[in-house]
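Report on the structure given below.
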Amino acid sequence: MATFQSLPGFRDFYPEDLARRSHLFRVWRQNARAFGFEEYDGPVLEPLELYKTKSGDEIETQLFSFTDKGGREVALRPEMTPTVCRLVGERAGSLKRPIKWFSIAEFYRYERAQKGRQRSFYQFNADIFGEAGPEAEIEIIALLVQCLAGFGLTAQDFYVRLSDRDLWFFYLESLGCTDAESRSLLSAVDRFEKMGDDAFKGYAEAHGELAPARKAAVLAFLEIKSLAALRAHLAEGGAGSGKLAARLADWEKVLGGLAAMGLGDFVQVDLGVVRGLAYYTGFVFEAFDRKGDLRALAGGGRYNDLVKKLGGPDLPAVGFAIGDVTTGILLEQRGVMPALISAPDVYVVSGEGEPRRTALGDVHRLRAAGYRVDYPLRAPAFGKQFKAASDSGARLALIYGSDELAKGVVKFRDLCERSEREIPLGGVAEAEKDFFCAGGR
RNA sequence: GCGGUCAUAGCUCAGUUGGUUAGAGCACUAGAUUGUGAAUCUAGGGGUCGCGGGUUCGAGUCCCGUUGGCCGCCCCA
């Protein structure tokens, strides 16, 4: 049996594992629909160039890529964003705005697997296209919160850190930074939390030592953890700059909208988050567990230039993705992963011969009516069958024996109450209906 | 790509300074039990001890390599 193993970073999903995964998908799908998002999907295999165009040539080292038999350079999808940009871009002219789409799909990345990260994983992706205003951020962040809160997680379990790459650029510009310097500084900000002062080494190498005053300004800015602090900081710097003032107004809208939805406790201003991805153009956000011992649960932001860059029309967009691996770990940790046992509604016990034939007729009728019905394929002794009925987790057992048949009845046993009554043959479907509608389920 | 650590049954593990045919609990199957439930007793299936090589009269045990898991670094769309 040890001859073949699954590939590193790829998981087997035994029924109990798949039940957990399906639980995630169910909650995500249900909430996305509640928010008015439509589900889509795309190909698992895409042209390698699609990802190189979006992320640069180096990305290939992180991809499952190969040359197909037709000589095409292809890659298993490592993310959904380029695909959905293509889909939306192709029909942008005929799609009603705003375009609110979601998907649940499997992705592949050729990376070293570790805690919370596999080479194959699933993501819920949600995006809004065609709305450039901060109203789209409110909607997408609210969905992100609900896609975690929907499991029973609270603001004590996780939170969303909200930042803004535009704000950073405008701020650095007001400090006199060139565009190249700003980009380098943002990459330092991204690493600062983890690396401390070493994060600025890359900047020093490229642009010379960072002036102390400028560094102090950057550090003060990334420490900002509230809207009030941001407001005060910008006022202090005499941020009369129209750009900064306009961004601040957008911040007021986003945080005000989320507060109005009752989600204020889930969102934390945190300019220390910038996300390394160069394609983000405005607000960026990441969801983390409050204890901080897991990697990011979800990440997203605005990417107004990407659809165009990938060959589509000029279409503003904002979106996020949640992964199944870290989310699953968090749900287990917080004890909100339900016990997902798959029990039938009814277990049918029968004798051999005529009783069994009668039972099979009812088994099928009940199944066709939508009940989950199980029975032993090869009927063993009655004692065994009762144990099997009990083990199955079914609420009800139906008993077809020669004694019952002789009387024209079926025994209807409530396995929880351990009570039993007789119902007339042919009245089974109706009795089930009465039982389960009365709250027997 | 780099470092640490681990690997015995489906699961959790035991296995003596290297010594006969590798064990236990749980789980699974069957019987006791041809009509009433989580019990008990009995029996059974399931292992090339991750894989390969070396040392040795003899390796689950010692050595080397390799693959895989876990943890961390790089990266993280």
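Values below: every heavy atom of this structure, side chains too, minus hydrogens, waters and symmetry copies. Lettering of chains follows the sequences in order, A, B, ..., and the numbering in each one begins at 1. Being a predicted model, the structure only gives us computed values, none of them experimental.
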With heavy atoms under 4.0 Å as the rule, sort A:E404 into base, sugar-phosphate or nothing.
base
Using the P atom as the point on both nucleotides, what is the distance between B:C63 and B:G4, in whole Å?
16 Å
Return the nucleotide paired to B:U36: Watson-Crick means purine N1 to pyrimidine N3 with N6-O4 or O6-N4, wobble means G-U with N1-O2 and O6-N3, both under 3.5 Å.
none
B:G65 and B:C2: how far apart are their P atoms, nearest whole angstrom?
14 Å
With a non-hydrogen cut-off below 4.0 angstrom, is A:K54 in contact with a base, only sugar-phosphate, or nothing?
sugar-phosphate
Which value, in whole Å, describes the distance between the C1' atoms of nucleotides B:C64 and B:A24?
33 Å
A:E135 and A:K253 ion-paired at < 4.0 Å:
yes
In terms of side-chain heavy atoms, does A:Y108 have a donor or acceptor partner in A:E106 at a distance below 3.5 Å?
yes
Counting only Watson-Crick pairs (N1-N3 plus N6-O4 or O6-N4) and G-U wobbles (N1-O2, O6-N3), all under 3.5 Å, who is the partner of B:C51?
B:G65
Across the strands shown, which category fits A:R112 at heavy-atom distances under 4.0 angstrom: base, sugar-phosphate, nothing?
base
Sugar-phosphate only, base, or nothing, as touched by A:D391 at under 4.0 Å among non-hydrogen atoms
nothing
If you take all heavy atoms of A:L24 and A:G328, which pair is closest and at what distance?
CD1-N, 4.4 Å
Do A:L148 and A:L297 touch side chain to side chain, with heavy atoms closer than 4.5 Å?
yes
Does A:K194 reach a base, just sugar-phosphate, or nothing at all? Heavy atoms under 4.0 Å.
base
Under a 3.5 Å cut-off for both contacts, is B:U29 paired Watson-Crick or G-U wobble with anything, and if yes, with which nucleotide?
B:A43
Heavy atoms from C-beta onward define the side chain here; which of B:G37, B:G69, B:C70 lies closest to that of A:P8?
B:G69
Where each residue is assigned the nucleotide of RNA chain B containing its nearest heavy atom, which of A:S6 and A:L415 is assigned the position nearer the 5′ end?
A:L415
Taking atom types as they are modelled, is there a donor-acceptor pair under 3.5 Å from the base of B:U36 to the side chain of A:K387?
no
Hunt down the Watson-Crick or G-U wobble partner of B:G23, both distances under 3.5 Å, from any strand shown, or write none.
B:C13
Identity of whatever pairs with B:C2 - Watson-Crick or G-U, under 3.5 angstrom:
B:G72
If we take the C1' atom in both B:C11 and B:U56, what is their distance in whole Å?
35 Å
Donor-acceptor pair present, A:R117 side chain and B:C75 base, under 3.5 Å
yes
Answer yes or no for this row: A:F386 ring on B:G37 base, centroids under 5.5 Å, planes under 30°.
no
With P as the reference atom in both, quote the distance from B:U33 to B:C62 in angstrom, rounded to an integer.
50 Å
Please say whether the positively charged group of A:R356, taken as NZ for Lys or CZ for Arg, lies over the ring of A:Y400, i.e. under 6.0 angstrom from the six-membered ring centre and within 45 degrees of the axis.
no
Taking atom types as they are modelled, would you say the side chain of A:E352 forms a donor-acceptor pair with the base of B:U34 within the 3.5 Å cutoff?
no
How is A:G9 classified with respect to the nucleic acid when contacts are heavy atoms under 4.0 Å: base, sugar-phosphate, or nothing?
sugar-phosphate
Tell me what A:S402 touches on the nucleic acid: a base, only sugar-phosphate, or nothing, going by heavy atoms under 4.0 Å.
base
Would you classify A:R77 as touching base, sugar-phosphate or nothing, given that sugar-phosphate means primed atoms plus P, OP1 and OP2, and contacts are heavy atoms under 4.0 Å?
nothing
Could you check A:S419 against A:L7 and say which one's nearest nucleotide on RNA chain B is further toward the 5' end?
A:S419
Hey, does the side-chain of A:Q385 have a donor or acceptor N/O within less than 3.5 Å of a partner on the base of B:G37?
no
What interatomic distance, in whole Å, is found between C1' of B:G15 and the corresponding atom of B:A59?
13 Å
Could you tell me if the side chain of A:E139 sits less than 4.5 Å from the side chain of A:F35, heavy atoms only?
yes
Any idea which of B:G37, B:A77, B:G3 is nearest the A:P78 side chain?
B:A77
To the nearest angstrom, how far is A:Y110 atom OH from B:A77 atom P?
20 Å
P atom, B:G50 versus B:A9: distance in rounded Å?
8 Å
Does the Lys NZ or Arg CZ of A:R165 fall within the cation-pi geometry relative to A:Y280 - under 6.0 Å from the ring centre and within 45° of the axis?
no
From the options B:A77, B:G37, B:G72, select the nucleotide whose nearest atom is closest to the side chain of A:R109.
B:A77
Looking at the rings of A:F124 and A:F25, which for Trp means the six-membered one, are their centres under 6.0 Å apart?
no
Base, sugar-phosphate, or nothing: which does A:D414 touch, judged by heavy atoms less than 4.0 Å apart?
base
Check this for me: does the side-chain of A:R413 come within 3.5 Å of the base of B:U36 through a donor and an acceptor?
yes
Quick one: label A:Y51 by what it contacts on the DNA or RNA (base, sugar-phosphate, nothing), any heavy atom closer than 4.0 Å.
nothing
For B:U48 versus B:G72, give the span between their P atoms, rounded off to a whole number of Å.
31 Å
Taking atom types as they are modelled, would you say the side chain of A:R295 forms a donor-acceptor pair with the base of B:C76 within the 3.5 Å cutoff?
yes
